[in-house]
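Notes follow once the structure below has been shown.
Starting from 1, each residue takes its place in the sequence as its number. Quantities reported herein were computed from a predicted structural model and do not represent experimental measurements. In listed order, ligands and their atoms are each counted from 1.
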Amino acid sequence: MTSLTLLGIETSCDETAAAVVRRGDDGRVQVLSSIIATQVAEHAPYGGVVPEIAARSHVESIDGIVARALTEAGVGWDGLSGVAATAGPGLVGGVMVGLSFGKAAALARGLPLIAVNHLEGHALSARLEDDIPYPFLLLLVSGGHCQLLEVAGVGACRRMGTTIDDAAGEAFDKIAKSMGLGYPGGPALEQLAEGGDPARFPLPRALLGREGFDFSFSGLKTAAARAAAGLTGDVDRRDLAASVQFAIARQLAERTERAMAAYADAHDGGDLRFVVAGGVAANRAVRTRLEQACGAHGFSFHAPPLKYCTDNAAMIALAGAERLALGLTDPLDAPARPRWPLDAATAASNPTHIPGRKGAKA
Ligand code: KG4
Ligand code: ZN
């Protein structure tokens, strides 16, 4: 087998991203370029991502972003082994832009297409800069997802738990909004929480001690919004932000620790590795709490650098490269999927995971 050089395209939310990643025949990974154009400023006036605006913005910038990724990598179309594009889950208008672009490029250049599940990209993101062998336990915490996964390789992720309502980042964002902070709320709330008293506001501890590895943040969200109403003093607001951050980190750690115990049982005697990925992994209180959990349960702690925690195309290119190395490619009629469980068997057999009208995003 020779080395593989993949163009990755990511357009499933509010980042237009393209990257070139090379995977050596020994499995070693090199990110040759990773370009990310964020639309945060375009969505900020609305307090959240507006799907229509996101899709239009992707279609305007995708060509330029891909050109930059190739130029920065020093790789022409002829130097590519394949094109990997996110095919879901996500905001489908945006997904269609990136996937269609990927299909057109693959067709025009005679390259194989790999339709990548965005969650599989996150699942592999820690391997972009660190040689973390499979398998590992992954906590994926972003604005759209909150899942515990056992990652054994591409196409071999087993979902252990997911949120039954909001994702952790969504909880940060919604609570921040109810406190009058800007979008995205997570970083703003973390900043406000600095020096605050995390024990000042007792907030609900959902699912504590409950069987399984699912998460729930809606009770916390309601309680925090109620506490926020009428708070005007700076100290009060700081203490509430610290209490919210503490409560979210606590639940993430408590549910993760249950999963760690089960994972350790199942991998008796093997190396125990834990990875946290997704935008919420940027939060220092969350990281600290998870590092403590690793220490208590004998796991090594890994987190990709922040640029690979949040949405990026390097992780999509890597998932594409690992798939291509296994001979897994997709036809040009591959669908764009707003909802696409990474572990279809678990999603189908456990319908309690399906929130909302349209079924589980993940
Ligand atoms: O992974 P990501 O960039 O996009 C999704 O795939 O959703 O994650 C974005 C989420 C947002 O909800 C944002 O508020 C949250 O990650 N986030 C944070 C922090 N930085 C980003 N949450 C808490 N503390 C942070 N420092
Ligand atoms: Zn994501």
Side-chain angles (χ1 to χ4, degrees), residues 8-17 19 34 36-40 43-44 47-49 51 54 86-91 94-95 98 116-126 128 138-147 149 162-163 166-179 181-194 196 215 217 220-221 224 241-242 244-252 275-290 303-316 318-319 338 340 342 361-362:
I9 297 171
E10 159 58 38
T11 56
S12 67
C13 193
D14 60 346
E15 260 99 33
T16 314
S34 177
I36 303 171
T38 180
Q39 305 171 359
V40 161
H43 301 287
V49 178
T86 298
L91 302 173
V95 171
V116 173
N117 184 312
H118 179 82
L119 299 173
E120 187 162 271
H122 276 299
L124 270 52
S125 60
L128 283 164
L138 172 77
L139 173 66
L140 170 53
V141 268
S142 69
H145 314 289
C146 188
Q147 306 197 349
L149 295 154
T162 186
T163 181
D166 290 339
E170 200 175 357
F172 267 113
D173 292 338
K174 288 178 176 170
I175 294 170
K177 196 172 180 179
S178 71
M179 294 180 70
L181 299 169
Y183 174 84
L189 196 135
E190 177 171 28
Q191 211 182 342
L192 179 61
E194 190 99 20
F215 301 87
F217 295 100
L220 172 60
K221 185 181 64 184
V244 165
Q245 181 173 264
F246 174 81
I248 292 177
R250 178 177 59 188
Q251 189 187 146
L252 290 174
V275 175
V276 59
V280 179
N283 186 282
R284 272 165 298 145
V286 168
R287 267 187 197 238
T288 305
R289 199 74 160 75
L290 292 169
L306 199 56
K307 61 184 177 190
Y308 300 140
C309 269
T310 51
D311 285 351
N312 66 88
M315 66 185 192
I316 303 303
L318 175 59
W340 185 4
L342 192 47
K361 264 196 287 202

Q: Among all protein heavy atoms, pick the one closest to atom 9 (C) of ligand 1 and tell me residue, atom and distance.
A: Gly143 N, 3.7 Å

Q: Name the closest protein heavy atom to atom 18 (C) of ligand 1, giving the residue it belongs to and the distance to 0.1 Å.
A: Gly186 CA, 3.7 Å

**Q.** Pairwise distance CE(Met315) to NZ(Lys307) - rounded to 0.5 angstrom
**A.** 14.5 Å

Q: Quick one: pull up NE2 in His122 and OG1 in Thr310 and give me the separation to the nearest 0.5 Å.
A: 8.0 Å

(Q) Looking at every non-hydrogen atom in both residues, tell me the closest pair between Leu252 and Ala168 and how far apart they are. (A) CD2-CB, 4.2 Å

Q | Residue Asp311 atom name (nearest to the Zn ion (ligand 2); N/O/S) | A | OD1

Q) Do any of the N/O/S atoms of His122, backbone or side chain, fall under 2.8 Å from the Zn ion (ligand 2)? A) yes

Q. Can you list the steps and then say if Val116 with Glu10 is a side chain to side chain contact (heavy atoms under 4.5 Å, CB included)?
A. CA-CA 9 Å; Val116 173; Glu10 159 58 38; over 6 Å; no

Q. Starting from atom 6 (O) of ligand 1, which protein heavy atom do you reach first, and at what distance in Å?
A. Asp311 OD1, 3.1 Å

Q | Straight-line distance of Arg284 CZ to Glu190 CD, nearest 0.5 Å | A | 4.5 Å

Q | ligand 1 N/O within reach of Gly278 N/O, cut-off under 3.5 Å | A | no

Q | Protein heavy atom at shortest distance from atom 13 (C) of ligand 1 | A | Asp173 OD1, 3.7 Å

Q: Please could you name the atoms of ligand 1 that Gly144 approaches to less than 4.0 Å, counting only its heavy atoms?
A: 7 (O)

Q) Which atoms from ligand 1 have a heavy atom of Glu190 less than 4.0 Å away? A) 24 (N), 25 (C), 26 (N)

Q: For atom 21 (C) of ligand 1, grab the closest protein heavy atom and report residue, atom and distance to one decimal in Å.
A: Gly279 O, 3.4 Å

**Q.** Spacing of Glu170 atom CD and Phe217 atom CZ [to the nearest 0.5 Å]
**A.** 10.0 Å

Q.
With heavy-atom distances below 4.0 Å as the criterion, list the atoms of ligand 1 near Gly169.
A. 12 (O)

**Q.** Atoms in ligand 1 with a heavy atom of Thr310 nearer than 4.0 Å
**A.** 1 (O), 3 (O)

Q) Just distances here: any N/O of Phe172 and N/O of ligand 1 closer than 3.5 Å? A) no

Q) Short check: any N/O/S atom of His118 below 2.8 Å from the Zn ion (ligand 2)? A) yes

Q: Could you grab the distance from atom CG of Asp173 to atom OG of Ser178, nearest 0.5 Å is fine?
A: 11.0 Å

Q. So, for Pro89 and Ser12, which heavy atoms are closest and what is the spacing to 0.1 Å?
A. O-CB, 3.9 Å

Q) Nearest 0.5 Å, what's the OG-CG distance between Ser142 and Leu119? A) 8.0 Å

**Q.** Minimum heavy-atom distance between Leu128 and Ala314, given as atom pair plus value
**A.** CD2-O, 3.7 Å

(Q) Quick test: of every protein heavy atom, which one is nearest to atom 24 (N) of ligand 1, and how far off is it to 0.1 Å? (A) Asn283 ND2, 3.0 Å

